[in-house]
Amino acid sequence: MAGTVLVTGGSGYIAGFTIRQLIERGWTVRTTIRNLAREAEVRDWLKVDNDRLSFFAADLTSDTGWAEAMAGCSHVVHMASPIPAHHVKDENELIVPARDGALRALKFARDAGATRLVMTSSVAAIFYGRTADKDSFTEADWTNVAAGDVSAYAKSKTIAERAARDWIAAEGGSLEFVTVNPGLVLGPLLGVDFSPSLEAVKRVLEGAYPMLPDLGFNLVDVRDVADLHIRALTAPDMSGERFMAVAPHGFLRLGEIAAILRERLPDHAGKVPTRRMPNWLMRIVSLFDPVVRQMIGELGKTRHAEPTHAMQLLGWQPRSAADSVVDTAKSLIAMGVVKV
């Protein structure tokens with residue numbers, strides 16, 4: 001099955017790999033970016049058949065350009081959403097464009113006659129604002145945005161996904177809606193302008209921290225996330241589905257990531273820390289660093305999540321988290337992003 005698909009946010013990390021795989025599988029792809037001045041740059045690092053890829057200017061906060069981008073598309077992958085590069089003082093900087101952009105994509109997809117929209121959500125819409133003793137999660141769980149320790153980013157992903165599901169129920173008509181909820185996305189780089197999600201491996205590899213905080217993440221490979229989006233786009237009877245995109249047994253602490261790098265890339269692991277940062281020291285650092293302050297609530301926590309639903313329903317076979325860590329490190333080194 002292949003037709004014409006719109007991928008929003010075409011300059012994004014996951015979007016790049018999704019566009020590549022769609023074109024490899026015979027699709028004609030349209031994509032949106034905020035400024036068409038970046039088209040040549042994005043084409044350069046995508047390295048795909050340019051005759052099968054076209055660009056349109058569209059922004060999450062405006063209707064301009066959306067109808068033109070959607071015209072003739074049978075399917076939509078909505079990936080565009082704000083990702084904070086730094087601490088935001090006003091959470092609405094993330095919440096408003098994430099929510100309004102999702103609703104805008106849905107409305108224009110329905111009006112254009114698209115049959116299915118797959119939206120990139122996040123495990124951030126699943127894991128947070130729960131009691132301290134909850135350490136296992138499935139697609140049935142939702143982040144409690146009313147909890148005081150939920151980040152602006154987690155709120156934005158939760159509110160946007162809930163708003164989208166409410167809109168589909170009320171106004172979606174025959175448009176089918178699915179979400180993919182990735183964990184921390186790793187994998188090879190497309191270019192030196194890399195995703196913030198790769199910072200965890202980058203900082204461990206380059207020894208940015210003399211000691212490693214007791215923090216962990218559910219990891220997943222970008223190539224597998226792209227594949228899962230396409231499976232959700234094309235499989236029958238998907239309406240309303242929700243898929244966590246995480247590697248099997250993929251919850252790794254920074255100390256475990258460091259151990260993988262030392263074992264698998266010993267010639268490049270000279271700067272990789274070996275000691276764990278005491279939680280009390282991390283709390284002191286948080287008094288002066290607002291980014292660290294956002295992570296304090298995660299110290300020592302474990303969040304178990306497995307890709308069982310996607311594997312059983314869609315036949316998805318994600319890579320191991322360890323392989324993704326190593327591939328990320330190799331790519332960071334090869335691109336010259338990390339000097340070791």
Side-chain angles (χ1 to χ4, degrees), residues 3-9 15 30 32 56 58-82 91-130 137-147 150 152-182 228-229 231-245 309-310 313-314:
T4 300
V5 57
L6 176 68
V7 178
T8 69
R30 293 171 160 230
T32 64
F56 296 82
D59 189 278
L60 296 172
T61 60
S62 169
D63 285 349
T64 304
W66 282 91
E68 292 80 4
M70 290 279 184
C73 291
S74 57
H75 294 71
V76 178
V77 182
H78 177 54
M79 293 184 155
S81 192
E91 62 186 18
N92 285 317
E93 291 179 31
L94 301 180
I95 293 171
V96 172
R99 179 196 62 216
D100 293 359
L103 297 177
R104 190 164 272 115
L106 286 166
K107 176 183 179 298
F108 281 99
R110 180 202 61 191
D111 293 350
T115 58
R116 183 177 297 176
L117 185 146
V118 177
M119 174 174 156
T120 311
S121 186
S122 171
V123 294
I126 294 175
F127 286 167
Y128 301 109
R130 317 295 300 215
F137 297 84
T138 72
E139 284 86 354
D141 291 306
W142 283 88
T143 288
N144 174 17
V145 296
V150 177
Y153 176 72
K155 286 182 181 180
S156 76
K157 300 305 287 188
T158 309
I159 290 169
E161 186 183 344
R162 282 201 178 276
R165 291 185 178 277
D166 289 345
W167 186 92
I168 280 287
E171 302 183 49
S174 61
L175 178 63
E176 296 177 332
F177 177 74
V178 185
T179 62
V180 174
N181 297 61
L228 181 54
H229 277 83
R231 289 172 185 264
L233 196 71
T234 57
D237 303 321
M238 286 287 103
S239 189
E241 281 290 355
R242 193 183 200 209
F243 297 103
M244 278 198 299
H309 185 50
L313 199 61
L314 295 175

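Scope of the values below: all heavy atoms of this structure, side chains included, with no hydrogens, waters or symmetry mates. The model shown is predicted, which means the values in this text are computed figures rather than measured ones.
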Q: Report the C-alpha distance between L106 and F177 in whole Å, list the side-chain angles of each, state the deciding distance to 0.1 Å, and finish with yes or no for side chain to side chain contact (heavy atoms under 4.5 Å, CB included).
A: CA-CA 9 Å; L106 286 166; F177 177 74; 3.8 Å; yes

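- Side-chain atoms of L228 and L314, non-hydrogen and from C-beta on, do get closer than 4.5 Å to each other.
- Atom-to-atom distance recorded for Y128:OH and T158:OG1 is 10.0 Å, nearest 0.5 angstrom.
- Residue M244 comes nearest to I126 through the heavy atom pair CG-CD1, 3.4 Å, listed as atom of the first residue, atom of the second, then distance.
- Contact between L175 and I168 at its shortest, heavy atoms only, is O-CD1, 3.9 Å.
- S74 contributes no side-chain N or O that, together with a main-chain N or O of A114, makes up a donor-acceptor pair within less than 3.5 Å.
- For A245 against V180, the heavy-atom pair with the smallest separation is CB-CG1, 3.9 Å.
- A donor atom on one side chain and an acceptor atom on the other are found under 3.5 Å apart for T120 and H229.
- For the pair R242 and W142, the cation-pi test (distance below 6.0 Å, angle within 45°) is passed.
- Across every non-hydrogen atom of A105 and H78, the tightest pair is CB-ND1, 3.7 Å.
- Within the 4.5 Å cutoff, the side chain of W167 has heavy atoms near those of the R110 side chain.
- In this structure a side-chain-to-backbone donor-acceptor pair under 3.5 Å is present from D141 to T138.
- Atom CE of M70 and atom CG of L6 lie 5.0 Å apart (nearest 0.5 Å).
- Among V118, L117, L233, the one residue that satisfies the side-chain contact (heavy atoms from CB on, under 4.5 Å) test with V178 is V118.
- Judged by distance alone, with hydrogens and angles left aside, the side-chain atoms of R165 form a donor-acceptor pair with the main-chain N or O of G240 at under 3.5 Å.
- Side-chain atoms of F243 and M238, non-hydrogen and from C-beta on, do get closer than 4.5 Å to each other.
- Atom OG1 in T64 sits 9.0 Å away from atom CZ in R104 (nearest 0.5 Å).
- Under the 3.5 Å distance criterion, the side-chain polar atoms of R116 are left unmatched by any main-chain donor or acceptor of E176.
- Judged by distance alone, the side chain of T143 and the main-chain N or O of A124 form a donor-acceptor pair under 3.5 Å.
- Listed by chain and residue number, nothing satisfies the side-chain hydrogen bond (donor to acceptor under 3.5 Å, both in side chains) test with T32 (two or more places apart in sequence, or in another chain).
- Classification of K107 and D111 as a salt-bridged pair holds, one side-chain N sitting under 4.0 Å from a carboxylate O.
- Residues that satisfy the side-chain hydrogen bond (donor to acceptor under 3.5 Å, both in side chains) test with S122, not counting sequence neighbours, are absent from this structure.
- F137 meets the ring-ring contact (aromatic ring centres under 6.0 Å, His included) test with F127; sequence neighbours excluded.
- Rounded to the nearest 0.5 Å, atoms OG (S156) and CD (E91) are 9.5 Å apart.
- To the nearest 0.5 angstrom, R99 atom CZ is 12.0 Å from L94 atom CG.
- Closest approach of P97 to T61, counting heavy atoms only: CB-CG2, 4.0 Å.
- You'll find the side chain of P182 stays beyond 4.5 Å of the side chain of V123, heavy atoms only.
- Under the side-chain hydrogen bond (donor to acceptor under 3.5 Å, both in side chains) rule, T179 has a single partner from K157, E241, E161, E139, which is E161.
- Taking every heavy atom of both residues into account, V5 and C73 meet most closely at C-SG, 4.0 Å.
- A distance of 5.0 Å separates OG1 of T8 from CH2 of W66, quoted to the nearest 0.5 Å.
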